[in-house]
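Quick notes on the structure that follows.
Chain A is the first sequence line, chain B the second, and so forth, proteins listed ahead of strands; every chain is numbered from 1.
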Number of protein chains: 2
Amino acid sequence: MVDPQARFEELTKKLRERGCRMTPQRVALLRLLTSAEDHPSAHQLYERLREQFPTTSLATVYKTLSLLYDMGEVLELGFGDHEARYDANRPDEHPHLICLRCWKVIDGRSSLLPNQVQEVAEGSGFQVTGHRLDLYGLCPDCQASEGA
Amino acid sequence: MVDPQARFEELTKKLRERGCRMTPQRVALLRLLTSAEDHPSAHQLYERLREQFPTTSLATVYKTLSLLYDMGEVLELGFGDHEARYDANRPDEHPHLICLRCWKVIDGRSSLLPNQVQEVAEGSGFQVTGHRLDLYGLCPDCQASEGA
DNA sequence: GTGCTTGCAAACAGTTTGCAGATAG
DNA sequence: CTATCTGCAAACTGTTTGCAAGCAC
């Protein structure tokens, strides 16, 4: 959907404009984020980053992720009882499909219409600024291996 | 929407049928849950329970909550970075409105239509078994006191 | 009496923070 | 040169677990 290379350059540019420094670790993390297709967790990113930088730490990953999050450049999918997943390719709000067995996360097809959002909030007096729609179920792989 | 007394009796009955014991603490917690209008957190329930049972513990609250959860009788709204909220009055799936300032949680008006859910999952091969829709924003109280 | 429940404390997972040394600009 | 970043360890929050004593049935 999004060209990884273009997104990488966009993020790099925005970070530089913010006065951030592009350390090798950070560059590698941006590469991982923009080329990831699987909504990785901080820990997964850490594992992948460690292949290139064996001494890197989880804290470094978290620090850059929260930096990007504050800039609105990464979507954070927090769950109550699992590690959060990150999406730096489509920082706009969109639905996700989450497999309850293997915990795979993929993007949903369409998005919620603004008037639907208003409908849900109607009568509440809420001033709605954002939303999140998650569908839970079984991914194709896990349906196939069900019961195993 | 739901009669607290009727819901209380329903939960009591289902727990008994499961072979669970109705201790005074548990009865009080069921009362709190069925009469709560505000989607309380485990900690809030604990505080309220402690007014009647000063020596009760958070663990007890969690244990009964997860028991109800396993029975499908309570909705758990987990967040990545705040305590989970519980709704034992409407264990069916329905949208919620969440205030980002005071963290108030109220029920949304309408529900997602099954064909909308299918639309989002279309082409993914996912077998969808559930969903969750949260709207974020400012509640009326917090809009009034904004900037304070 | 049996075994589920309580309540305490300790463990736990994911995330955040503090800080000294390293390094990008 | 200086401010940011790294990487380690320790702190932190919300939740879960182990276990001995208590209590519902």
Side-chain angles (χ1 to χ4, degrees), chain A residues 11-30 32-33 39-71 74-86 103 105, chain B residues 11-30 32-33 39-71 74-86 103 105:
Chain A
L11 285 180
T12 303
K13 181 161 163 280
K14 287 189 177 173
L15 282 167
R16 276 196 205 284
E17 284 169 359
R18 238 198 179 219
C20 293
R21 300 193 175 159
M22 298 307 296
T23 64
Q25 292 93 326
R26 189 165 280 179
V27 171
L29 184 56
L30 291 181
L32 287 175
L33 276 169
H39 302 72
S41 66
H43 195 86
Q44 287 173 324
L45 290 165
Y46 165 64
E47 292 292 350
R48 295 172 199 177
L49 191 57
R50 217 159 44 148
E51 290 170 16
Q52 302 169 59
F53 300 90
T55 67
T56 204
S57 76
L58 248 179
T60 299
V61 174
Y62 275 112
K63 280 167 187 166
T64 293
L65 283 174
S66 73
L67 177 62
L68 291 172
Y69 181 79
D70 291 343
M71 293 165 64
V74 74
L75 215 61
E76 184 185 56
L77 293 179
F79 301 96
D81 46 0
H82 295 261
E83 25 179 24
R85 302 306 204 87
Y86 297 88
W103 214 245
V105 177
Chain B
L11 286 180
T12 304
K13 181 160 162 281
K14 287 188 177 173
L15 283 167
R16 276 196 205 283
E17 284 169 0
R18 237 198 179 220
C20 294
R21 302 195 173 156
M22 298 307 296
T23 64
Q25 292 94 326
R26 190 165 278 179
V27 171
L29 183 55
L30 290 182
L32 287 173
L33 277 169
H39 302 72
S41 66
H43 195 86
Q44 287 173 324
L45 290 165
Y46 164 64
E47 292 291 353
R48 294 172 200 177
L49 191 56
R50 216 158 44 148
E51 291 170 13
Q52 302 169 59
F53 299 90
T55 67
T56 204
S57 78
L58 247 180
T60 299
V61 173
Y62 275 112
K63 280 167 187 167
T64 293
L65 282 174
S66 74
L67 176 62
L68 291 171
Y69 182 78
D70 291 342
M71 294 166 61
V74 74
L75 216 62
E76 183 185 56
L77 293 178
F79 302 96
D81 46 0
H82 295 262
E83 25 180 25
R85 302 306 203 87
Y86 297 87
W103 215 243
V105 177

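- The closest side-chain heavy-atom distance from L11(A) to M71(A) is not below 4.5 Å.
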N/O donor to acceptor pairs below 3.5 angstrom from side-chain atoms of residues 59-68 of chain A, sequence neighbours left out:
{"residue": "T60(A)", "atom": "OG1", "partner": "S57(A)", "partner atom": "OG", "Å": "3.3"}
{"residue": "T64(A)", "atom": "OG1", "partner": "R26(A)", "partner atom": "NE", "Å": "3.3"}
{"residue": "S66(A)", "atom": "OG", "partner": "Y62(A)", "partner atom": "O", "Å": "3.4"}
{"residue": "S66(A)", "atom": "OG", "partner": "K63(A)", "partner atom": "O", "Å": "3.3"}

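- At the heavy-atom level, R16(B) lies under 4.0 Å from the strands shown only through sugar-phosphate atoms.
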* Structure fact -> Letter by letter from the 5' end, nucleotides 1-13 of chain D scores (B base, S sugar-phosphate only, - none; protein heavy atoms under 4.0 Å) --BBSBBB-----

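- Spacing between atom CG of D70(A) and atom P of dT15(C) amounts to 15 Å, rounded to whole angstrom units.
- The CD-P distance, from Q44(B) to dG14(D), rounds to 11 Å in whole Å.
- Rounding to whole angstrom units, OH of residue Y46(A) and C1' of dT15(C) are separated by 14 Å.
- One atom, CG of L49(B), and another, P of dT5(C), lie 15 Å apart when rounded to the nearest Å.
- In the displayed structure, F53(B) atom CZ is contacted under 6.0 Å by more than 12 heavy atoms of other residues, nucleotides or ligands.
- Contact check of residues 74-83 of chain A against DNA chain C (heavy atom, cut-off under 4.0 Å) returns E83(A).
- Separating the OH atom of Y62(B) from the C1' atom of dC8(C) is a distance of 16 Å, rounded to the nearest angstrom.
- Whole-Å rounding puts the R85(A) CZ to dA13(C) P distance at 17 Å.
- Side-chain contact check for E76(B) and Y86(B): at least one donor-acceptor pair (N or O, by modelled atom type) lies under 3.5 Å.
- Relative orientation of the W103(B) and F79(B) rings is perpendicular, given thresholds of 30° and 60° on the angle between their planes.
- A 4.5 Å side-chain heavy-atom check between L15(A) and R21(A) finds every atom pair outside the cut-off.
- A donor-acceptor contact shorter than 3.5 Å links the side chain of R85(B) to the backbone of H39(B).
- In this structure, the CZ atom of R18(B) is 12 Å from the P atom of dC4(C), given to the nearest Å.
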* Run the side-chain contact (heavy atoms from CB on, under 4.5 Å) check on R50(B) and T55(B) step by step: do they pass? -> CA-CA 7 Å; R50(B) 216 158 44 148; T55(B) 67; over 6 Å; no

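- Rounded to whole Å, atom P of dT17(C) lies 15 Å from atom CG of L58(A).
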* Asked: Going through the checks in order, is the side-chain contact (heavy atoms from CB on, under 4.5 Å) test met by T12(B) and R16(B)?
  -> CA-CA 6 Å; T12(B) 304; R16(B) 276 196 205 283; 4.1 Å; yes

